[in-house]
Amino acid sequence: DAEITQSPRHKITETGRQVTLACHQTWNHNNMFWYRQDLGHGLRLIHYSYGVQDTNKGEVSDGYSVSRSNTEDLPLTLESAASSQTSVYFCASSESEGDGYTFGSGTRLTVV
Amino acid sequence: AQSVTQLGSHVSVSEGALVLLRCNYSSSVPPYLFWYVQYPNQGLQLLLKYTSAATLVKGINGFEAEFKKSETSFHLTKPSAHMSDAAEYFCAVSPKGTGNQFYFGTGTSLTVIP
């Protein structure tokens with residue numbers, strides 16, 4: 001069965017370190033998205049991609065970057081982790097406009 | 001800018017009672033509309049979606065939602081709550097022509113009282 005997987009599920013890192021969160025989907029979806037979930041804010045868009053070599057900034061992109069070298073993967077990198085980036089991160093994919101997202105199970109990141 | 005308002009961050013209902021979770025959006029053009037459910041420590045799961053076909057949309061687990069253009073609303077209902085319905089519910093909109101970008105509400109936590 002097709003799926004979307006995120007790794008790691010939990011991560012603790014120190015302030016200032018570079019961190020990469022993985023997202024891998026086998027749906028063959030062109031569209032991939034990264035969101036962060038925080039209490040009182042719902043989900044906020046960080047970065048998104050519509051295909052290989054395409055990346056775009058979302059609402060809260062400062063301090064984050066992504067790259068899309070193939071259809072299956074959209075890794076999210078925190079260049080220099082900050083305590084404000086402690087959050088739960090969700091990756092999602094979709095086929096086309098009007099389709100719902102398929103979400104990964106999330107990565108809980110703690111920056112100490 | 002697109003906004004999604006979910007009235008009531010916490011809703012409690014008795015088992016067997018009607019569930020009503022409210023969602024309003026701001027858009028002059030009806031967007032695509034979605035409801036998602038999130039169980040503890042899990043990702044979001046699609047409950048149902050409105051894509052400009054029938055205004056009453058049926059989803060999984062007995063949930064349904066009605067699109068009302070005049071009220072810019074897309075409220076989620078279930079006739080009889082079950083203990084397993086306890087979860088966080090998110091309303092989301094995707095404006096047409098934006099490449100499937102979603103805007104999420106802040107969520108409603110549903111508690112079901114035995």
Side-chain angles (χ1 to χ4, degrees), chain A residues 2-10 21 23-25 27 29-51 54-61 68 74 87-109, chain B residues 1-10 21 23-25 29-53 57 59-60 63 65 67 74 76 87-109:
Chain A
E3 59 182 2
I4 179 167
T5 55
Q6 293 184 235
S7 61
R9 287 300 308 273
H10 302 273
L21 309 183
C23 175
H24 178 80
Q25 54 99 1
W27 290 96
H29 287 163
N30 287 320
N31 305 329
M32 295 184 73
F33 307 84
W34 273 104
Y35 285 85
R36 59 178 289 175
Q37 183 179 25
D38 304 286
L39 270 176
H41 291 278
L43 282 84
R44 292 180 291 175
L45 182 63
I46 305 171
H47 280 286
Y48 58 100
S49 169
Y50 292 140
D54 176 74
T55 62
N56 305 278
K57 294 181 178 181
E59 176 188 1
V60 291
S61 62
R68 188 89 180 269
L74 187 70
S87 185
V88 180
Y89 291 86
F90 286 100
C91 179
S93 70
S94 71
E95 177 57 33
S96 60
E97 189 170 285
D99 291 341
Y101 285 177
T102 300
F103 281 88
S105 298
T107 294
R108 183 176 295 276
L109 177 68
Chain B
Q2 188 68 236
S3 71
V4 184
T5 302
Q6 291 185 240
L7 288 175
S9 57
H10 294 90
L21 305 182
C23 174
N24 289 87
Y25 65 91
V29 176
Y32 299 114
L33 294 156
F34 303 81
W35 275 100
Y36 282 85
V37 60
Q38 184 181 32
Y39 298 103
N41 299 314
Q42 294 187 25
L44 281 73
Q45 178 184 358
L46 181 66
L47 270 178
L48 50 79
K49 65 177 181 180
Y50 167 76
T51 57
S52 74
V57 182
I60 62 172
F63 284 93
F67 169 68
F74 191 56
L76 181 71
E88 188 88 14
Y89 291 81
F90 291 93
C91 179
V93 304
S94 180
K96 295 174 183 176
T98 63
N100 213 24
Q101 288 188 45
F102 276 41
Y103 298 86
F104 287 86
T106 53
T108 297
S109 177

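So that the names make sense, note that chain A is the first sequence line, chain B the second, and so on, each numbered from 1. Atom set for the values below is all heavy atoms of this structure, side chains included, hydrogens, waters and symmetry mates excluded.
- Contacts of A:Thr102 with chain B are absent, with no heavy-atom separation under 4.5 Å from either backbone or side chain.
- No more than 12 heavy atoms of other residues, nucleotides or ligands shown are found within 6.0 angstrom of NZ on A:Lys57.
- The side chain to side chain donor-acceptor pair (under 3.5 Å) test applied to B:Tyr103 returns no partner, not counting sequence neighbours.
- Of the listed residues B:Thr51, B:Thr98, B:Leu33, the one with more heavy-atom pairs under 4.5 angstrom with chain A than any other is B:Thr98.
- For B:Tyr36, the part sitting under 4.5 Å from any heavy atom of chain A is the side chain, from C-beta outward, and nothing else.
- Ranking A:Gly100, A:Gly106, A:Gly58, A:Gly40 against chain B, the residue ahead of the rest is A:Gly100, based on heavy-atom pairs under 4.5 Å.
- Of the two parts of A:Tyr35, only the side chain, counted from C-beta on, holds a non-hydrogen atom closer than 4.5 Å to a non-hydrogen atom of chain B.
- For A:Asp38, no part lies under 4.5 angstrom from a heavy atom of chain B.
- Contacts between A:Leu45 and chain B at a heavy-atom distance below 4.5 Å involve the side chain alone, from C-beta outward.
- B:Ile60 has its side chain within reach of B:Gln45: a pair of non-hydrogen atoms, C-beta onward, lies under 4.5 Å apart.
- Of the residues considered (B:Phe102, B:Phe34, B:Phe104), B:Phe102 shows the highest number of contacts with chain A, using heavy-atom pairs under 4.5 Å.
- Chain A forms more heavy-atom pairs under 4.5 Å with one residue of B:Gln42, B:Gln38, B:Lys96 than with any other, namely B:Gln38.
- Classified by interplanar angle (parallel below 30°, tilted 30° to 60°, perpendicular above 60°), the ring pair B:Phe74/B:Tyr50 is tilted.
- Heavy atoms only, all atoms of each residue included: A:Leu21 and A:Pro8 are closest at CD2-CD, 4.4 Å.
- Heavy atoms of A:Arg44 lying under 4.5 Å from chain B are absent altogether.
- Only the side chain of A:Gln37 has a heavy atom closer than 4.5 Å to any heavy atom of chain B.
- Using a 4.5 Å heavy-atom cutoff, the side chains of A:Asn31 and A:Asp99 are not in contact.
- In terms of heavy-atom proximity, A:Ala92 sits nearest to A:Tyr101 at CB-CD1, 3.7 Å.
- If you measure heavy-atom distances from B:Gln101 to chain A, the contacts under 4.5 Å come from both the backbone and the side chain.
- Checked against side chain to side chain donor-acceptor pair (under 3.5 Å), A:Asn30 has no partners two or more places apart in sequence or in another chain.
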